[in-house]
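By convention here, the first residue in the shown sequence is residue 1.
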Amino acid sequence: MVQAITARRDGDIYQARQFWIRAAFLLDPESPIVRIGFEDGPKSFDDIWVEYAHGREPKDARGAPICREHLQCKWHVTPGVYGYSNLIDPTFINANARSFMQRARDAQMANAPNGTGVRFKMVTNWQADRQDYLSALVSSQSGSVRLDRLFGTKTDSSKAGAIRKAWREHLEIDDDELRVFVNTLAFGHTSENLDDLRARCDLSFRIAGLKRVPTHHSSFIYDDVVFQWMSQGRVEFEKESFRDACADEDLFGQSMERPKIYGVKSFEHPLDRLEDRCDDVLNLVPVFDQRYIRDEEDWSKTLYPALESFLQSAARDQRQLDLALDAHTTLAFAAGSVLNIKSGRAVGLEQRTLARQIWAADDVPNEDDWPTLNKTILEVDPHSTDIAFAVGITHDIANDVRQFVSKHLPKVGRLIVFRPSSGSGAQVIKSGSHAFAFSQTVKEGVRSIRSESATRALSHLFIAAPNALTFFLGQQASALGPLTLYEFDFEGARDGSYRKSLTLPITQQGSKMLGSKVHS
């Protein structure tokens with residue numbers, strides 16, 4: 001009984017914090033979010049809904065604007081996974097008769113009969129099972145279903161065909177109707193626990209000017225107040241009415257100047273769209289197919305010039321700015337090379353560890369018990385002059401890099417491996433200053449090794465680290481000499497190995513016009 005009550009309470013907290021993360025944007029005059037609802041809307045998709053300003057909406061898989069997004073929040077006490085068959089099983093959503101898909105279909109027919117303008121999204125701490133073909137159908141960028149994959153085969157005997165058949169028969173519709181319906185679906189997975197979501201709320205409250213609840217306080221007033229509003233019939237808010245409601249509850253804290261936040265994305269975070277909270281966003285997503293660049297020449301010919309122009313414009317009138325990088329490792333390094341240490345700009349990096357934080361090179365003093373960075377030199381070929389550097393902070397990448405070097409980089413003579421003294425892991429880096437200290441260690445290591453080698457030696461740089469560290473290292477690119485960066489296929493969707501990305505310093509010859517590929 002106690003366990004059931006706790007699970008129910010945690011589910012309410014999960015829903016409330018998902019609401020506040022989005023509702024805080026109503027207090028930002030620049031945010032495209034203009035209305036929000038709580039426990040109000042289509043049945044089974046009434047947990048939260050968000051409406052966007054005309055002309056500033058996110059896009060669906062076919063590029064059509066999504067005017068409104070309805071969220072179903074599903075919290076589980078323990079980690080788990082789901083597959084395509086769970087979506088047609090009523091017990092998956094603790095129902096007796098109608099499944100998630102049937103309820104989503106009802107909502108689509110009532111609110112988006114032509115399949116555009118509205119998205120219905122399940123937000124949960126469970127994720128699509130990697131052993132189930134559903135995981136290959138869900139876009140890692142937007143969480144929407146990839147229609148090209150679902151309808152990429154003609155018969156029901158394929159993996160995609162089996163899913164089409166199961167969903168089609170369960171919903172009693174044909175393929176054309178299924179295509180229209182599925183275009184409105186999306187799935188959002190968050191690995192954050194309830195404390196992490198509270199930390200995300202705190203950052204949003206800081207920007208919005210709402211009172212911040214100290215971390216050591218057990219109670220969190222925001223969890224309850226939204227349900228109090230619901231009991232009073234206040235379930236829908238616009239910018240003005242939400243500000244009034246917060247004022248009535250005395251939720252406003254000390255006002256502070258809102259920092260300018262600029263976003264760069266090459267993939268879409270499933271739950272945290274940069275356009276909702278950034279002053280300006282460089283959208284590089286169209287240049288990629290999921291996490292893979294469509295044309296490898298675009299690293300230097302399209303992406304770097306676009307990034308350079310965007311960041312220089314952002315920094316021109318800002319001596320201090322924050323960057324949100326939902327972007328590949330290569331682009332984080334490249335961003336640092338543009339806003340280098342000689343730029344005279346103080347840059348804070350939005351870093352997603354377990355929660356979203358702002359990291360700066362001098363944010364907190366380093367502590368003696370924090371991990372340090374160790375260097376190991378591995379001889380590959382004494383007759384070769386190039387050097388490979390493997391920086392394995394979040395993952396130990398030494399073996400993967402060594403295998404790649406032996407197969408594809410015959411000119412590499414030595415492999416230099418940087419590992420944390422504590423071992424690799426997602427929580428090794430404690431702060432922005434800690435990340436900066438690690439970047440300094442790597443820089444000095446690269447410079448010392450290069451000084452022993454031929455002056456024309458090329459460095460090959462492989463990085464598995466938080467984007468803040470990668471950015472700080474990129475700020476010192478001019479001291480590292482000529483280098484080539486590589487991207488790893490972490491999702492294993494291609495070859496599970498590395499691919500060459502960007503070589504610096506970059507030449508301006510042959511740069512492409514941006515055309516329709518990139519939009520800011």
Side-chain angles (χ1 to χ4, degrees), residues 141 261-269 272 274 278 281-285 287-288 291-293 298-300 302-312 314-315 321-341 343 345-353 356-361 389-395 397 418 426 428-429 431-432 434-440 442-443 446 459-480 483-490 498-506 518:
Q141 295 178 2
I261 304 176
Y262 297 90
V264 177
K265 65 178 184 179
S266 54
F267 50 81
E268 194 84 65
H269 190 279
D272 187 15
L274 293 187
C278 292
V281 176
L282 177 63
N283 180 11
L284 303 174
V285 172
V287 183
F288 294 84
R291 294 289 180 114
Y292 306 100
I293 196 162
D298 278 338
W299 286 112
S300 59
T302 299
L303 299 184
Y304 192 90
L307 185 66
E308 183 178 44
S309 175
F310 176 77
L311 293 179
Q312 287 180 348
L321 66 153
D322 289 346
L323 279 184
L325 300 174
D326 282 351
H328 292 68
T329 294
T330 297
L331 295 172
F333 188 96
S337 73
V338 175
L339 298 177
N340 57 58
I341 56 176
S343 68
R345 298 297 184 267
V347 183
L349 279 301
E350 246 193 31
Q351 181 59 47
R352 285 193 176 99
T353 48
R356 197 172 68 216
Q357 299 174 327
I358 299 294
W359 281 4
F389 296 90
V391 184
I393 310 302
T394 54
H395 304 84
I397 59 175
F418 293 93
V428 169
I429 304 292
S431 67
H434 195 204
F436 182 76
F438 270 26
S439 74
Q440 289 290 100
V442 174
K443 181 197 75 171
V446 172
S459 297
H460 301 266
L461 190 54
F462 303 80
I463 304 175
N467 271 349
L469 186 155
T470 307
F471 175 89
F472 292 142
L473 185 59
Q475 285 190 302
Q476 303 164 90
S478 61
L480 304 179
L483 60 87
T484 296
L485 293 150
Y486 294 81
E487 289 286 338
F488 186 68
D489 176 20
F490 280 110
Y498 286 95
R499 290 178 181 269
K500 177 181 175 181
S501 56
L502 181 66
T503 296
L504 294 174
I506 196 168
V518 177

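- For Asp489 and Tyr292, the side-chain atoms include at least one donor-acceptor pair closer than 3.5 Å.
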In sequence, state the C-alpha distance, the side-chain angles, and the governing distance for Ile429 and Ile393, and then conclude on side-chain contact (heavy atoms from CB on, under 4.5 Å).
CA-CA 8 Å; Ile429 304 292; Ile393 310 302; 3.8 Å; yes
Does Val264 form a side-chain contact (heavy atoms from CB on, under 4.5 Å) with Leu307? I'd like the steps, not just the answer.
CA-CA 8 Å; Val264 177; Leu307 185 66; 3.9 Å; yes
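- Atom CG of Leu469 sits about 9.5 Å away from atom CG of Asn467, to the nearest 0.5 Å.
- Within the 4.5 Å cutoff, no side-chain heavy atoms of Thr329 are placed close to those of Leu485.
- Between Leu303 and Val287 there is a side-chain heavy-atom pair separated by less than 4.5 Å.
- Contact record, Ile397 with Gly392: CG1-CA, 4.1 Å, taken as the closest heavy-atom pair.
- Residues Leu274 and Asp326 are in side-chain contact: their nearest non-hydrogen atoms beyond the backbone lie under 4.5 Å apart.
- Side-chain contact check for Phe471 versus Pro466: every heavy-atom pair is 4.5 Å or farther apart.
- Contact of the Phe310 side chain with the Tyr262 side chain is registered, since non-hydrogen atoms from C-beta on lie closer than 4.5 Å.
- Here Ser337 contributes atom OG and Gln475 contributes atom CD; the two are 9.5 Å apart, rounded to the nearest 0.5 Å.
- Note that CD of Gln351 and OG of Ser431 are 11.0 Å apart. Values are rounded to the nearest 0.5 Å.
- One distance of note links CD1 of Ile358 with CG of Asp322; it measures 4.0 Å at 0.5 Å rounding.
- Between the side chains of Glu487 and Ser501, not a single donor N or O lies within less than 3.5 Å of an accepting N or O.
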side-chain contact (heavy atoms from CB on, under 4.5 Å) between Phe472 and Val442, intermediate numbers included:
CA-CA 10 Å; Phe472 292 142; Val442 174; over 6 Å; no
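- Enclosure of atom NZ in Lys500 is not indicated, since only 12 or fewer non-hydrogen atoms of other residues, nucleotides or ligands lie within 6.0 angstrom.
- Checked against Trp299 for a ring-ring contact (aromatic ring centres under 6.0 Å, His included), the options Tyr304, Tyr486, Phe288 give a single hit: Phe288.
- Asn340 is listed as a side-chain neighbour of Ser343, based on a closest heavy-atom distance under 4.5 Å.
- Distance check: Leu323 CG to Arg345 CZ gives 12.5 Å after rounding to the nearest 0.5 Å.
- You'll find the side chain of Ile463 reaches within 4.5 Å of the side chain of Phe333, heavy atoms only.
- Within the 4.5 Å cutoff, no side-chain heavy atoms of Glu350 are placed close to those of Leu325.
- Residues satisfying the side-chain hydrogen bond (donor to acceptor under 3.5 Å, both in side chains) criterion with Ser266, sequence neighbours excluded, are His328.
- Between the side chains of Thr484 and Thr503, a donor-acceptor pair is found at a separation under 3.5 Å.
- Annotation for Ala465 and Thr394: closest pair N-OG1, 3.7 Å, computed over non-hydrogen atoms.
- To the nearest 0.5 Å, atoms CZ (Phe389) and CG (Leu480) are separated by 8.5 Å.
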How far apart are the C-alpha atoms of Ile341 and Gln476, what are their side-chain angles, what is the distance that settles it, and do they pass the side-chain contact (heavy atoms from CB on, under 4.5 Å) test?
CA-CA 7 Å; Ile341 56 176; Gln476 303 164 90; 4.3 Å; yes
